[in-house]
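Comments concern the structure below.
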Amino acid sequence: MSARPRSQPSTPRFEGDAVLSVRDLRVAFPGAEPVVDGISFDLAPRQVLAVAGQSGSGKSLTAMAIMGLLPHRAEVTGSITFAGTELVGASESVLADVRGAEIAMVFQETRSALNPVLTIGKQLVGAIRANSDASASQAREMAGDALREVKILDADRVLESYPHQLSGGMCQRVVIAMALACGSRVLIADEPTTALDVSVQRDILTLLEQLVRDREMSCIFVSHDLGVIDEIADHVAVMHTGQIVEFGPVRQTIADPLHPYTRELLSHLDSLVGEPAPVPVVPDHQASTDPDRGCDWGHEDCDGDTELFTLPGGRQVRSCLYAPQRYAPTPTMQEVTR
Ligand SMILES: Nc1ncnc2c1ncn2[C@@H]1O[C@H](COP(=O)(O)OP(=O)(O)OP(=O)(O)O)[C@@H](O)[C@H]1O
Ligand SMILES: [Mg+2]
C-alpha cells in the first residue's frame, strides 16, 4: 500500500437519518485519564454496527453510556441522541422510557439482566406491561409468543422457572425475547456469546442475526472477535484505548485492514464462531521514547498525528499514515497532464 488516497478529518456518517448518533463521547472516572476518549458514530436503520477491540478498550463503557447505566461517579460528556432525544445528562425518567422500550441490551454475563428472585414469566410480563397497554393475560400470551420466537419450545415451563434453573444460553434467549416483546428499535449486544458454551454460541448468534433482520432492528454488537463480527455485522468500529482507530464496512476492513492495530487484532484471531474465542492482548500503542517519533506502531516518521481521517469511499482510520498533508497520494498521470 504505497500510494494513499487523499483523506480528510471527519466523523463517521451514514446517508439518511441515523437511529442513534454518538458525538465526541467521553467517559472518565475521577482522577484518571478518559476511558472513552472522544468517539463519534451514527447507527443507521437496520444496521449492525460492531464495536471491536481488546479487553479494556472501552467497548462496554460505550454501551453502558448509551443505556445510561454508568456508575454515578463516571463523568460523561459529548452527545448521544436517540430519535431526537439527548441521553447524556438526561433525567432517570427519560432514560427509563428509552431503556427496554426503545433500546434493549443483552449483556455478556447472561444472568445479570435477569432478577434472580422473580420467575421469568413475572419479569417478562412486567417488562411487557411497562412498555404497552397490554392486560395481564395479554402480556402473558405475548411473553409466551416471544419465548417461542427465540426458539424456546417449552415456553410454559420456562415462564414458571427462575433464572438459576435455566442454562446460560436459555437465559440469553430470554433476555433477547424481552427485547422483542418490548418492541425495542435498537439492540445492544455486549459480548452476548462469550460466557456461553461453545455449542450454543452459534445458535445465539444465528438467532440475533435473524431477529435483527426480521424485526428490522438496528444493532450495536460488541465483541473482541473479528471472526464473529465478520459473520454478523455490516460495519465495524475498532476501538483502542478509548478511541475509534478504524471504522468501515466489515468485509473490507477484515480483508484489508488499514490501521496497524486492526492488523494486530486480526493476527491474534485464531478463532471463528464455534470455537473458543480467547481475548487477545495486543501490545499497547506506547508513546515513543524517541522525541522525534510520536508513535510506536512502527511507522518510522510518525509525528503522533492522531486524527480520524476519512478516505474516499468512507472508510476511516486514525493514523498518521493516512494524513493528507503528509501522505497525499502520488498524482495520477491524468492529474499531472491536466
Ligand atoms: N467503574 C469503573 N471505574 C474505573 N474504571 C473503570 C470502571 N469500569 C471500567 N473501567 C475501566 O475502563 C476501561 C474500559 O473498560 P470497558 O469495560 O469498557 O472495557 P471493554 O472494552 O468492555 O473490555 P472487555 O473486552 O474486557 O469487556 C478499562 O480500563 C477499565 O478498567
Ligand atoms: Mg466489556
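Computed from a predicted model, the values in this text were never measured in an experiment. Whatever order the structure lists ligands and atoms in, that order sets their numbers, starting from 1.
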>> Measuring from atom 23 (O) of ligand 1, which candidate in G56, A65, S223 has the nearest non-hydrogen atom?
In response: G56
>> Taking 4.0 angstrom as the limit and counting only heavy atoms of E191, give me the atoms of ligand 1 inside it, by number and element.
In response: 25 (O)
> So D42 and S21, side-chain hydrogen bond (donor to acceptor under 3.5 Å, both in side chains) or not? Walk me through it.
Replying inline: CA-CA 4 Å; D42 280 347; S21 290; 2.9 Å; yes
> Taking the Mg ion (ligand 2) as the center, what protein N, O or S atoms are found at less than 2.8 Å?
Replying inline: S60 OG
> Should you measure from each heavy atom of K59, which atoms of ligand 1 turn up under 4.0 Å away?
Replying inline: 18 (O), 20 (P), 21 (O), 22 (O), 23 (O), 24 (P), 25 (O)
> Which of the atoms of ligand 1 are close to S60, meaning less than 4.0 Å from one of its heavy atoms?
Replying inline: 17 (O), 18 (O), 20 (P), 22 (O), 27 (O)
> Mind checking whether G53 has a heavy atom under 4.0 Å from ligand 1?
Replying inline: no
> If you measure from each heavy atom of M64 to ligand 1, is any distance below 4.0 Å?
Replying inline: no
> Could an N or O of ligand 1 be found under 3.5 Å from any N or O of L61, whether backbone or side chain?
Replying inline: yes
>> Would you say that T62 contacts V22 through its side chain, given a criterion of any heavy-atom pair below 4.5 Å between the two side chains?
In response: no
> Do the rings of H259 and Y261 sit parallel, tilted or perpendicular, given the 30° and 60° boundaries?
Replying inline: perpendicular
> Would you call R315-E246 a salt bridge at under 4.0 Å N-O?
Replying inline: yes
>> What I want to find out is whether R148 reaches E141 closely enough, with some N-O distance under 4.0 Å, to be called a salt bridge.
In response: no
> If you measure from each non-hydrogen atom of Q54 to ligand 1, which part falls under 4.0 Å: side chain, backbone, both or neither?
Replying inline: backbone
>> Are there over 12 heavy-atom neighbours, none belonging to E33, within less than 6.0 Å of that residue's CD?
In response: no
> Considering only heavy atoms from C-beta outward, does the side chain of P192 approach that of L208 to under 4.5 Å?
Replying inline: yes
> For atom CG of D214, is the number of surrounding heavy atoms from other residues, nucleotides or ligands below 6.0 Å larger than 12?
Replying inline: yes
>> Pairing donors with acceptors under 3.5 angstrom, does anything connect the side chains of Q47 and S218?
In response: no
> Is the closest heavy-atom distance from R73 to ligand 1 below 4.0 Å?
Replying inline: yes
> Atoms of ligand 1 less than 4.0 Å from V35 heavy atoms?
Replying inline: 11 (C), 12 (O), 13 (C)
> Does a donor on one side chain sit under 3.5 Å from an acceptor on the other, for S79 and T81?
Replying inline: no
>> Which heavy atom of L114 sits nearest to which heavy atom of P163, and what is that distance?
In response: CB-CG, 3.9 Å
